[in-house]
2 protein chains.
Amino acid sequence: MARPREFDMNAAVDGAMQIFWRLGYAATNLPELLSAMGLSRGSFYKAFGDKHSAYLAALDHYDRNCIGAAVKLLGDRSIGDGAMRIVRLFEQTGCGEGVAPRGCFVCNAMVELGPHDGAVASKTAAMSNRLEAAIFDALGDIANLQNDDAASRRRKAAIITRLYLGAQAMSKTGDRDADWKNLLGELLDCDIA
Amino acid sequence: MARPREFDMNAAVDGAMQIFWRLGYAATNLPELLSAMGLSRGSFYKAFGDKHSAYLAALDHYDRNCIGAAVKLLGDRSIGDGAMRIVRLFEQTGCGEGVAPRGCFVCNAMVELGPHDGAVASKTAAMSNRLEAAIFDALGDIANLQNDDAASRRRKAAIITRLYLGAQAMSKTGDRDADWKNLLGELLDCDIA
DNA sequence: ATTGTTTTGTACCAATTGGTTCCTAATAAT
DNA sequence: ATTATTAGGAACCAATTGGTACAAAACAAT
């Protein structure tokens, strides 16, 4: 018994994610945010409460979509073995050919707000853990590593997760390390087709 | 034939580095910055011009001091072999036990401003390159790796640099991966005393 | 001591910040 | 059709933003 909302909630949150991802939290002002979300001040404050809550919603959106896609990719046996899938992860998200590389929203968020914002810290930590777990699983699908014990695979997964985030950070200065096959091959001590 | 400046330039720049490192560029406002630098508006704008220039000066200060110290550590043969020195780098700077981890200023800066600020992008890229070069050199001082060709060492250095930055990013959410000996031992395929 | 030059600190500024108010419009239930 | 309830949008707000103007103060050279 009330007026239904006109805007598409999912599209609005997606717009928020895009602009926060590109500019960061502090550097995104309300007018830009509203424009990216496609809604007016009234609707925004009614639906989200404040800028910070919209940021958290954008992080959740990233978790559902982007991290979800990465996890799916890492578990997709139709692509190749675990090593191949990890290479794909780096190749696909390690370097956008576009003008202004956004890096990884998780990396951006943990660096900008991690130490000063508990909610952001826990959300981003959860996402990097999710990624690390998926990488760990993918490592189980590599012929050369079948003899590795779980502890060794866990260490490799920790390394690759941090390598991924570091590469994302460096991508923001224009760094393009395209040779992920050889780099990850070196790390995993195997040739990657 | 003029009034000499009263404040210590080096101390002021160091103060700027501390606050920018901890809070980031956008989240640091003038009053906080001035307080951290220990000078008044007049002196600040006379000596630095504007906030952005002070930030660049802080980055240079970090390069001279912190990156300089890391490079020195990595090249200090009195500490141990190259692997040991790399482990030390991670142990010493990977996780401050303090309350609010600042991570690495280079990582913070490239993530926050890299895509939108050419000067910051080139300075931070130069610093990460400097670190990578020092890591490459340290890899030359490891017995197990003597048979590696330069290309392989270059790849390992690229991996370790990105691993380092990724670990710095994750440290900001409270992540403490204390087991760098085993992690880097896994990566370099050798035991590290 | 006077002068020329530069630092320092305060008062001030327009512009922008995130956020609120409040009125109108639109809908669902009755 | 009326009513209760919520969405939408514009006007408005105090506070804060980075930056400037300017006068007083401190020196060095003469």
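Chain naming here is simple, since letters A, B, ... match the order of the sequence lines and numbering starts at 1 in each.
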Exercise for the section: Going by the side chain to side chain donor-acceptor pair (under 3.5 Å) test, name the single residue among B:Arg153, B:Lys156, B:Arg154 that passes it with B:Asp148. Expected result: B:Lys156

Problem - Close aromatic pair by centroid cut-off 6.0 Å: B:Tyr55 and B:Phe105 - result: yes

Problem - Options C:dT17, C:dT8, D:dG18, nucleotide nearest the side-chain atoms of B:Asn29 - result: D:dG18

Handout entry: Distance in angstrom units between B:Lys51 NZ and C:dA15 P, rounded
Key = 20 Å

Exercise for the section: Could you state the atom-to-atom distance from OH of B:Tyr45 to P of D:dG18 in whole Å? Expected result: 7 Å

Handout entry: Side chain of A:Ser43 - closest among D:dG8, D:dG19, C:dT17
Key = D:dG8

Handout entry: A:His52 and A:Tyr25 aromatic ring geometry - parallel, tilted or perpendicular at 30°/60° bounds
Key = perpendicular

Exercise for the section: Using atom CZ of B:Phe48 as one end and atom C1' of C:dT7 as the other, report the distance to the nearest whole Å. Expected result: 14 Å

Fill in the blank from the handout: In whole angstroms, the gap separating P of D:dT6 from NZ of A:Lys46 amounts to 9 Å

Handout entry: Gap between atoms CZ and P, on A:Phe7 and D:dT6 respectively (whole Å)
Key = 15 Å

Fill in the blank from the handout: note: B:Phe44, atom CZ; D:dT20, atom P; distance rounded to Å ~ 11 Å

Handout entry: Integer-rounded Å distance: D:dG8 C1' and A:Met37 CE
Key = 15 Å

Handout entry: Which residue lies more 5' along DNA chain C, comparing A:Ala26 with A:Gly42 via nearest heavy atoms
Key = A:Ala26

Completion exercise
Rounded to whole Å, the CZ-C1' distance (B:Arg5 to C:dT5) equals 14 Å

Exercise for the section: Ignoring hydrogens and angles, answer whether the base of C:dG19 and the side-chain atoms of A:Arg41 contain a donor-acceptor pair closer than 3.5 Å. Expected result: yes

Completion exercise
Here the pair of heavy atoms bringing B:His61 nearest to B:Asn10 is CE1-OD1, 3.5 Å

